[in-house]
Amino acid sequence: MASSSLFNPCVSTLIPKPRSIHQGKHRPVTIIKCTSPTFDPSSPITNINSPPAPAKHRRLAEENIRDEARRQRSTEGERHSFTAKYVPFNAGFDSLEWYSLDEIVYRSRSGGLLDVQHDMEALRKFDGAYWRSLFDSRVGKTTWPYGSGVWSKKEWVLPEIDEDDIVSAFEGNTNLFWAERFGKQFLEMNDLWVKHCGISHTGSFKDLGMTVLVSQVNRLRKMKRPVVGVGCASTGDTSAALSAYCASAGIPSIVFLPANKISTAQLVQPIANGALVLSIDTDFDGCMKLIREITSELPIYLANSLNSLRLEGQKTAAIEILQQFDWQVPDWVIVPGGNLGNIYAFYKGFKMCQELGLVDRIPRLVCAQAANANPLYLYYKSEWKEFKPVKANRTFASAIQIGDPVSIDRAVYALQNSNGIVEEATEEELMDAMAQADSTGMFVCPHTGVALTALIKLRNSGVIGPGDRTVVVSTAHGLKFTHSKTDYHSGAIPGMGQFANPPVSVQADYGSVMDVLKDFLSSKKSNR
Ligand SMILES: Cc1ncc(COP(=O)(O)O)c(C=O)c1O
Ligand SMILES: N[C@@H](CCOP(=O)(O)O)C(=O)O
């Protein structure tokens, strides 16, 4: 494994209620009057299936976008009645145990996981074409809060929150990158895509969930609920997102980090954002255990994905992928897994789109783990017979160095219900895959290297075909992990560097530079 130098030294809402009228004997047809800010209010009656006309309003000079949204709400009529609540994970729609989202609760009565359950009957009053049009109409706007890729799906996320309570950096709407050269050169694939969730406000997909969680905390604090601060255990990305969103809302944040196990770039994020940063002499699983104990004693709200609110935001990345493909469903989606909330979030996003008629199927999901931290992979290989947490070993994919994932049950559910697969990547495989991707113009993180390794393995074994439309989820920005890239390319990692491209040291004179360039150019000529 790597030398220690690899690791740092410190560690509408305003959509109206539909009116149903009956046309003939059988088909109820829903007619709505559009009053959403992104809908044309001058159009009096719009059929549910017709796409909304673009809004034509212009903000008043003295207004900001929050004021504008507030003014529009006050002039609008009736609000929708979508609702959501916590239920025990995998409970049916008739579950007797449920909790308001305004309660502070992370676990069911039996100690199991919770899930946010939406009133699907209310959402079903609008058909798939309606939802597709509504979501499409909000993309790329600056209308508060719909300019966010998360809040553009507000009715499916936190339907009841007041727009004024939302804390957003207009996250989401991330690039779905066509990996043309990587696909062609290494895999003979022509329909390969990388969803760059890490090209984001704090450089990882965690922003998607954190905007939801911190917005709800903002609401709870306005309701005078006992929330003095928000805390998390982290391998570096959750802490970055938590501290940024809390700082933007003026809410104290506390982060528990495993000492010497996260990158310098990740460490500096909560420091810069003013969080209380605890560097603890344990691993992530140890930090997770501690934060769970602390948040049950102190008025500190738990921000890890054990808290199912986070997954409501994260699931919008799946909806976004469908939207970016014009609501056509890819064959495969590959997600790197650690604490295992995200794989379930993807499943949930795809499943809601199917259940509400936006698409007719869901993709097959692949969860990819580092071989050094692979409890889900081992469980899968045992044919789901016995789950055993592992002691996670050091991995270049340090954000997924997790041995006892809190969302194990959610991950198993997602994989079993999507005909899913689990793969693993050794350190050499994941670093090589990352370097290969970078050599084709990307700049991905080691976790994306894990997902790319899974793709390479499944493609080589023929499970994924050359023409299969495949999406690899890139979860963090490569710039957070420059240390490991530098070590790889400079040959500092024993036994690694198949795709290394070390810098050439050259003397500062014309002849020496010329010699190097001539060699370089002739090697390129012979490669033509
Ligand atoms: C960059 C990165 N990729 C992947 C993951 C895995 O996500 P999850 O914990 O939801 O499985 C994490 C965090 O765990 C992460 O920070
Ligand atoms: N990679 C995560 C680990 C914690 O995951 P969470 O989704 O449960 O918060 C991190 O960056 O901390």
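Hydrogens, waters and symmetry mates play no part in the numbers below; they use all other heavy atoms, side chains included. When a ligand or atom number is given, it counts from 1 through the structure's own listing order.
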Exercise. Heavy atoms, side chains only, cut-off 4.5 Å: are Phe481 and Val444 in contact?
Worked result: no
For this session: Answer side chain, backbone, both or neither: which part of Ile400 comes under 4.0 Å from ligand 1, heavy atoms only.
Result: side chain
Exercise. So, are Asp102 and Arg225 salt-bridged, with charged N and O less than 4.0 Å apart?
Worked result: no
Exercise. With a 6.0 Å cut-off on ring centres, are Tyr379 and Trp384 close enough?
Worked result: yes
Exercise. Ligand 1 versus Asn339, non-hydrogen atoms closer than 4.0 Å: side chain, backbone, both, neither?
Worked result: both
For this session: Identify whether the distance between the nearest side-chain nitrogen and carboxylate oxygen of Arg410 and Asp115 falls below 4.0 Å.
Result: no
For this session: Report the C-alpha separation of Val473 and Val333 in whole Å, then their side-chain angles, then the decisive distance to 0.1 Å, and conclude whether the side-chain contact (heavy atoms from CB on, under 4.5 Å) test is met.
Result: CA-CA 7 Å; Val473 177; Val333 174; 3.8 Å; yes
For this session: Check each atom of ligand 1 against the heavy atoms of Gly341 and keep those under 4.0 Å away; list them by number with element.
Result: 8 (P), 10 (O), 11 (O)
For this session: For this output row, return yes or no: ring centroids of Phe170 and Trp151 closer than 6.0 angstrom.
Result: no
For this session: Find all atoms of ligand 1 within a distance of less than 4.0 Å from any non-hydrogen atom belonging to Ala476, and give their numbers and elements.
Result: 1 (C)
Exercise. Counting from 1, what ligand 1 atoms have a heavy atom of Asp237 closer than 4.0 Å?
Worked result: 1 (C), 2 (C), 15 (C), 16 (O)
Exercise. Is it the side chain (CB and beyond), the backbone, both or neither of Lys206 that lies under 4.0 Å from ligand 1, heavy atoms counted?
Worked result: side chain
Problem set entry | Ser148 and Glu171: side chain donor to acceptor below 3.5 Å | yes
Problem set entry | Working for ring pair (Phe, Tyr, Trp, His ring centres under 6.0 Å), residues Phe135 and Trp156 | CA-CA 11 Å; Phe135 296 160; Trp156 293 22; 5.1 Å; yes
For this session: State plainly whether the residues Glu424 and Lys457 are in salt-bridge range, i.e. N to O under 4.0 Å.
Result: no
For this session: Identify, by atom number and element, the atoms of ligand 1 in contact range of Pro336, meaning under 4.0 Å from any of its heavy atoms.
Result: 4 (C), 6 (C)
For this session: Inspect the contact between Arg361 and Asp331 and indicate whether a charged nitrogen and a carboxylate oxygen are less than 4.0 angstrom apart.
Result: yes
Exercise. Who's touching ligand 2 if we go heavy atoms under 4.0 Å?
Worked result: Lys206, Ser234, Thr235, Gly236, Asp237, Thr238, Phe284, Asn304, Ser305, Arg310, Asn339, Ala399, Ile402
Problem set entry | Contact check, Cys445 vs ligand 1, heavy-atom distance below 4.0 Å | no
Problem set entry | Enumerated ligand 1 atoms positioned under 4.0 Å from heavy atoms of Thr475 | 1 (C), 2 (C), 3 (N), 4 (C)
Exercise. So which protein heavy atom does atom 10 (O) of ligand 1 come closest to, and at what separation?
Worked result: Asn342 N, 2.8 Å
Seminar exercise, completed: Tested for side chain to side chain contact (heavy atoms under 4.5 Å, CB included) against Val335, the lone hit among Leu340, Ile343, Val366, Val472 is Ile343
